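All values below were derived from every heavy atom in this structure, side-chain atoms included, with hydrogens, water molecules and symmetry-related copies excluded. Everything quoted here is computed from the prediction, not taken from an experiment.
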Amino acid sequence: MDKLRYPIGQFDLDASISEDQLNLYILSIGSLPTKLAQAVANLSDEQLDTPYRPGGWTVRQVVHHLPDSHLNGYTRQKLALTEENPIIRPYDEVAWAELPEAKTADPGISLTLLHALHQRWVLMLHQLSPEQLNRTFVHPVSGQQTIRQHIGLYAWHGEHHLAHITELKKRMDW
């Protein structure tokens, strides 16, 4: 079950991040919308409404979760860039995924949103100075994070959910 829940493993927030690794993370964030669109292209409604694991979200919910989460991530970084060590407000991602539009809306809506968001996000990330990458915010549950760490976390987050979909497709032979 752990392999179904964490198909690429869990992210180590405390691991050091070299400049090369940071650039790979930014590339991952930039390429996610296209990879996600390819992963769900031509899936039927029945396939979109299939959970990626027992008790897990459906493919459709995962697609809608990504821009929900990444909008929050982008905002957290903007807050860290413009305020001194802000305390950010978490959101209930499980409740958001249960809202009617997350369970029924066309995935294309969220793919469009994710694509535009990631274009803007990557533009911002490429322009950050070393000092800005070390700016921080405080998450009430997981504690203080630097923007550098947060970039890694969100690169992992996108690949993590993409793998939920691609691994399901392999298991189901879609």
Next item on the list: Kindly indicate, with the supporting measurements, whether the criterion side chain to side chain donor-acceptor pair (under 3.5 Å) is fulfilled by S129 and E131.
Entry: CA-CA 5 Å; S129 69; E131 295 79 22; 3.3 Å; yes
For the [atom1] atom of [X] and the [atom2] atom of [Y], what is their distance to the nearest 0.5 Å?
| X | Y | atom1 | atom2 | answer |
| --- | --- | --- | --- | --- |
| I29 | I151 | CD1 | CD1 | 6.0 Å |
| R60 | D45 | CZ | CG | 5.0 Å |
| H118 | L113 | NE2 | CG | 9.0 Å |
| I17 | T146 | CD1 | OG1 | 6.5 Å |
| K78 | T82 | NZ | OG1 | 8.0 Å |
| I165 | H160 | CD1 | NE2 | 11.0 Å |

Taking the side chain as every heavy atom from C-beta outward, state whether [X] and [Y] have any atom pair closer than 4.5 Å.
| X | Y | answer |
| --- | --- | --- |
| L4 | P54 | yes |
| W174 | N42 | no |
| H157 | H65 | yes |
| K169 | V59 | no |

Notebook entry, point to check: Any ring-ring contact (aromatic ring centres under 6.0 Å, His included) pairs touching residues 34-55, not counting sequence neighbours?
Noted result: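 For residues 34-55, and leaving out neighbouring residues, the ring-ring contact (aromatic ring centres under 6.0 Å, His included) pairs sorted by first residue read Y52-H164.
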Under a single-linkage definition using a 4.5 Å side-chain heavy-atom cutoff for Ile, Leu, Val, Met, Phe, Trp and Tyr, are [X] and [Y] assigned to the same hydrophobic cluster?
| X | Y | answer |
| --- | --- | --- |
| I8 | I26 | yes |
| Y6 | L153 | yes |
| M172 | L162 | yes |
| L117 | L128 | yes |
| L125 | F11 | yes |

Note to self: Pair K3, E167 - check side-chain contact (heavy atoms from CB on, under 4.5 Å), show working.
What the structure shows: CA-CA 10 Å; K3 185 66 175 163; E167 292 301 309; over 6 Å; no
If I compare all heavy atoms of [X] with all of [Y], which pair ends up nearest, and what's the gap?
| X | Y | answer |
| --- | --- | --- |
| Y154 | R76 | OH-NH1, 3.7 Å |
| H161 | W57 | CE1-CZ3, 4.2 Å |
| P140 | I87 | CG-CG2, 4.2 Å |
| A39 | L43 | O-CD1, 3.9 Å |
| P33 | L114 | CG-O, 3.7 Å |
| T58 | D49 | CG2-O, 3.4 Å |

Can you establish whether the number of heavy atoms outside [X] located under 6.0 Å from its atom [atom1] is more than 12?
| X | atom1 | value |
| --- | --- | --- |
| R171 | CZ | yes |
| L24 | CG | yes |
| D92 | CG | yes |
| H115 | NE2 | no |

Next item on the list: Given salt bridge (charged side-chain N to carboxylate O under 4.0 Å, His left out), test E159 with K35 step by step and report yes or no.
Entry: CA-CA 9 Å; E159 297 294 334; K35 290 181 191 175; 3.1 Å; yes
Margin query: Apply ring pair (Phe, Tyr, Trp, His ring centres under 6.0 Å) to residues H150 and F137 and explain how you reach the verdict.
Written below: CA-CA 10 Å; H150 200 248; F137 65 83; 4.9 Å; yes
Quick check: does any side chain N or O of [X] sit under 3.5 Å from a backbone N or O of [Y], one acting as donor and the other as acceptor?
| X | Y | value |
| --- | --- | --- |
| S31 | L27 | yes |
| Q47 | S44 | yes |
| W156 | G9 | yes |

Next item on the list: Using side chain to side chain donor-acceptor pair (under 3.5 Å) as the criterion, list what pairs up with R148, not counting sequence neighbours.
Entry: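 Here the qualifying residues are E19.
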Note to self: Applying side-chain contact (heavy atoms from CB on, under 4.5 Å) to L81 and R135, what does each step give before you reach the verdict?
What the structure shows: CA-CA 7 Å; L81 289 168; R135 290 188 61 90; 4.3 Å; yes
Next item on the list: Decide side-chain contact (heavy atoms from CB on, under 4.5 Å) for L99 and H64; before the verdict, give the C-alpha distance in whole Å, the side-chain angles of both, and the deciding distance to 0.1 Å.
Entry: CA-CA 10 Å; L99 292 171; H64 293 309; over 6 Å; no
Check: Between Y91 and L71, is a side-chain contact (heavy atoms from CB on, under 4.5 Å) present by the stated rule, with each step listed?
Finding: CA-CA 11 Å; Y91 76 104; L71 278 164; over 6 Å; no
